[in-house]
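These notes concern the structure reproduced below.
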Amino acid sequence: AGRLKNEQFACPIIYGSIAVPINPARDPPAADPSHTHRWTVFVRSATGDDANLARVVKRVAFKLHESFVPQQRVIEAPPFEVTETGWGEFEIAIRISFVDSQEKPLQLFHQLQLYPKEDVGNPDGELKTIVSEHYDEIIINEPFEEFIDHLRTF
Ligand code: SLL
């Protein structure tokens, strides 16, 4: 089977992070007492169906700050996400590789956000859950015919 000329498929995704302040009275403690937040960085289907996303996405590699061991987290099945605890904000490199190995991996960058931007210095800000997410589309040009059945379901 060959490639479908002049065909293009868009798979909508959401990527980003959610960070929740750790409340020692309520939450499981962090491994390190200096850690102030429990956060998750994620890539998910914008249509809410990660099973469909997994038909196209082979793996998602999240490269964290070097203070995390291991620094590189490779997720091979949904949910494509990493949960950690920490104290600082940093840029996370997200590399999405595709089932079709001829498809060039998609490189995204996400700034992990733990604190609200607008009220720096406001102690209440340190108690807030912070969600930072972006919409994007995985564009597959001239996909293999055998991919079409999968992709049509998006
Ligand atoms: C900053 N440039 O200074 C950033 C670095 C690093 C965050 C933030 C985990 C630390 C650990 C952690 O939160 N690292 O597990 O030891 O704000």
Side-chain angles (χ1 to χ4, degrees), residues 8-141 143 147 150-151 153-154:
Q8 189 181 71
F9 289 87
C11 311
I13 58 167
I14 305 282
Y15 68 96
S17 59
I18 177 168
V20 184
I22 293 171
N23 177 343
R26 180 197 64 200
D27 301 324
D32 182 319
S34 72
H35 291 186
T36 54
H37 291 73
R38 181 168 277 106
W39 51 258
T40 300
V41 58
F42 55 82
V43 176
R44 52 182 161 78
S45 164
T47 61
D49 188 349
D50 276 357
N52 267 339
L53 190 63
R55 290 174 174 171
V56 188
V57 172
K58 185 175 186 200
R59 80 176 77 86
V60 179
F62 297 90
K63 191 177 180 194
L64 308 180
H65 185 264
E66 61 190 12
S67 55
F68 290 90
V69 180
Q71 187 177 4
Q72 175 102 342
R73 310 291 171 90
V74 179
I75 310 299
E76 311 257 5
F80 297 107
E81 63 179 39
V82 171
T83 297
E84 265 294 353
T85 62
W87 50 263
E89 300 180 336
F90 57 92
E91 186 178 66
I92 300 175
I94 304 172
R95 189 178 171 85
I96 302 177
S97 302
F98 299 101
V99 174
D100 176 357
S101 59
Q102 294 191 49
E103 202 62 49
K104 195 167 151 282
L106 177 62
Q107 182 73 64
L108 303 170
F109 295 92
H110 171 69
Q111 178 67 28
L112 175 66
Q113 193 187 342
L114 305 185
Y115 299 98
K117 289 191 179 102
E118 66 281 7
D119 54 3
V120 174
N122 174 357
D124 286 350
E126 302 191 355
L127 304 172
K128 285 183 181 163
T129 293
I130 304 293
V131 177
S132 171
E133 54 184 26
H134 326 271
Y135 177 88
D136 207 336
E137 286 178 354
I138 292 171
I139 304 293
I140 298 188
N141 288 304
F147 255 64
H150 298 329
L151 293 167
T153 61
F154 273 95

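Order of appearance sets the numbers: ligands from 1, and atoms from 1 within every ligand.
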Ligand 1: which protein N/O atoms lie under 3.5 Å from its N/O atoms?
unit_1	atom_1	unit_2	atom_2	d
ligand 1	13 (O)	Trp87	N	2.8
ligand 1	13 (O)	Gly88	N	3.2
ligand 1	14 (N)	Ser67	OG	3.0
ligand 1	15 (O)	His35	NE2	3.0

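With respect to the salt-bridge test (charged N to carboxylate O, under 4.0 angstrom), the residues Lys58 and Glu103 do not qualify.
Sorted by first and then second residue, the salt bridge (charged side-chain N to carboxylate O under 4.0 Å, His left out) pairs involving residues 23-40 (not counting sequence neighbours) form an empty list.
For Gln111 (side chain) and Ile92 (main-chain N/O), no donor-acceptor pair under 3.5 Å exists by modelled atom type.
Tyr15 is linked by a ring pair (Phe, Tyr, Trp, His ring centres under 6.0 Å) to His134, counting only residues two or more places apart in sequence or in another chain.
Contact annotation: the side chain of Phe80 approaches that of Leu53 to within less than 4.5 Å [non-hydrogen atoms, C-beta and beyond].
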Got a list of side-chain donor-acceptor pairs under 3.5 Å for residues 66-73, not counting sequence neighbours?
unit_1	atom_1	unit_2	atom_2	d
Ser67	OG	His65	ND1	2.6
Gln71	NE2	Leu64	O	2.9
Arg73	NE	Pro70	O	2.6
Arg73	NH1	Glu84	OE2	3.1
Arg73	NH2	Pro70	O	3.1
Arg73	NH2	Glu84	OE2	3.0

